[in-house]
Amino acid sequence: MREEILELTRNTKETQISMKLKIYGSGVAKIDTGIGFFNHMLEAFTKHSLLDLEISCKGDTHVDFHHSVEDVGIVLGQLLKEALYPLSGVERFGEASVVMDEAAVFCALDLSNRAYLVYENFNQNAKVGEFDTELVEEFFRAVAINSAITLHLNQIRGKNTHHIIEATFKSFAVALRRALAKNARIGTPSTKGVL
């Protein structure tokens, strides 16, 4: 595991992203994706995961928000993968149920070095403001694939789309924080001897 600040820049014809990540931080966020609602979700994620995260994204938001949201997920996933593996001395598994008013979302994850996403969030309007809510799944798919995390996100209940999405980001944050809890007795948390 790498505990120092990691940095990555990714430039395409659609997005220019610079990101810094510290996995054992204090929840400090400096986020500018050009998408207000997405900034808000990433700030909530940072606060509750206790990662330190700095993101600058300039994207083709005049087209739509898809490229920016997915590409931020790609870069975050790549930095997480660089920080995590080879995994040693942490719990590895994490789960959390987070409520926000009427909404409840459950997250379970495994720092497995095997990418997989189960995303079962159903009761959502098509948009929160100008933000297409289908992009939430795209973000988490990009994170899971690029970080090699097995990630399950399940909506338990909820009606307000903003609440559901915010509970989703927060449940991921808390589950990740718990999976990253240090436990020196574990060593490599796998019967295979490597992750």
Hey, does the side chain of [X] reach the backbone of [Y] with a donor-acceptor pair shorter than 3.5 angstrom?
X: S49; Y: L51; value: yes
X: Y119; Y: V136; value: no
X: N121; Y: Q155; value: yes
X: D32; Y: G34; value: yes

Taking side chain to side chain donor-acceptor pair (under 3.5 Å) as the cut-off, I'd like each qualifying pair that reaches into residues 76-89, sequence neighbours left out, listed once. R2-E82
Consider only side-chain heavy atoms of I, L, V, M, F, W and Y, link residues closer than 4.5 Å, and tell whether [X] and [Y] are in one cluster.
X: I165; Y: I156; answer: no
X: V143; Y: L6; answer: yes
X: L151; Y: V75; answer: yes
X: V28; Y: L50; answer: no

List, one per line, each side-chain donor-acceptor pair under 3.5 Å for residues 186-195, sequence neighbours excluded.
unit_1 : atom_1 : unit_2 : atom_2 : d
S190   : OG     : K192   : N      : 3.0

Side-chain touch [X]/[Y], heavy atoms, less than 4.5 angstrom:
X: R92; Y: D110; result: yes
X: E138; Y: E134; result: no
X: L42; Y: V72; result: yes
X: L135; Y: F38; result: no
X: F131; Y: V69; result: yes
X: V105; Y: V98; result: no
X: L8; Y: I17; result: no

Interatomic distance, [X] atom [atom1] to [Y] atom [atom2] [nearest 0.5 angstrom]:
X: E166; Y: H48; atom1: CD; atom2: NE2; value: 7.5 Å
X: E130; Y: I35; atom1: CD; atom2: CD1; value: 11.5 Å
X: M100; Y: N160; atom1: CE; atom2: CG; value: 7.5 Å
X: F65; Y: D132; atom1: CZ; atom2: CG; value: 8.0 Å
X: M1; Y: E4; atom1: CE; atom2: CD; value: 10.5 Å
X: M19; Y: I55; atom1: CE; atom2: CD1; value: 4.0 Å

If you apply the rule side chain to side chain contact (heavy atoms under 4.5 Å, CB included), what do you find for N113 with L87, and how did you get there? CA-CA 9 Å; N113 207 6; L87 195 70; over 6 Å; no
Compare every heavy atom of [Y] with every heavy atom of [X], then report the nearest pair and how far apart it is.
X: E102; Y: H163; value: OE1-ND1, 2.8 Å
X: G129; Y: K127; value: O-CB, 3.5 Å
X: S68; Y: T61; value: OG-CG2, 3.9 Å
X: V128; Y: T161; value: CG2-CG2, 3.6 Å
X: I5; Y: K20; value: CG2-CB, 4.1 Å
X: I149; Y: S112; value: C-OG, 4.3 Å

With sequence neighbours left out, write down each residue that passes side-chain hydrogen bond (donor to acceptor under 3.5 Å, both in side chains) with [X], or none if nothing qualifies.
X: T133; answer: none
X: E137; answer: R141
X: E95; answer: none
X: E7; answer: none

Not counting sequence neighbours, list each pair that qualifies as a salt bridge (Lys or Arg N to Asp or Glu O under 4.0 Å) and has a residue in residues 38-54. none
Kindly state each residue pair satisfying salt bridge (Lys or Arg N to Asp or Glu O under 4.0 Å) with at least one member in residues 178-189, sequence neighbours excluded. E3-K182
Who clusters with V118? Use side-chain heavy atoms, under 4.5 angstrom, across I, L, V, M, F, W and Y, and order the result by chain and number. Y116
If you link ILVMFWY side chains whenever their heavy atoms are less than 4.5 Å apart, which other residues fall into the same cluster as V63? By chain and number, please. none
Between L153 and S171, is the side chain to side chain contact (heavy atoms under 4.5 Å, CB included) condition met? List the steps. CA-CA 8 Å; L153 290 160; S171 66; 3.9 Å; yes
Please assess L180 against L111 for the test side chain to side chain contact (heavy atoms under 4.5 Å, CB included), listing each intermediate value before the final yes or no. CA-CA 9 Å; L180 288 169; L111 307 179; 3.9 Å; yes
For residues 165-195, which residue pairs pass the ring-ring contact (aromatic ring centres under 6.0 Å, His included) check, not counting sequence neighbours? F45-F172, F139-F169, F140-F169, F140-F172
Residues that T46 engages under side-chain contact (heavy atoms from CB on, under 4.5 Å), provided they are two or more places apart: A29, I31, L53
Between E14 and H66, is the side chain to side chain donor-acceptor pair (under 3.5 Å) condition met? List the steps. CA-CA 10 Å; E14 299 164 340; H66 188 282; over 6 Å; no
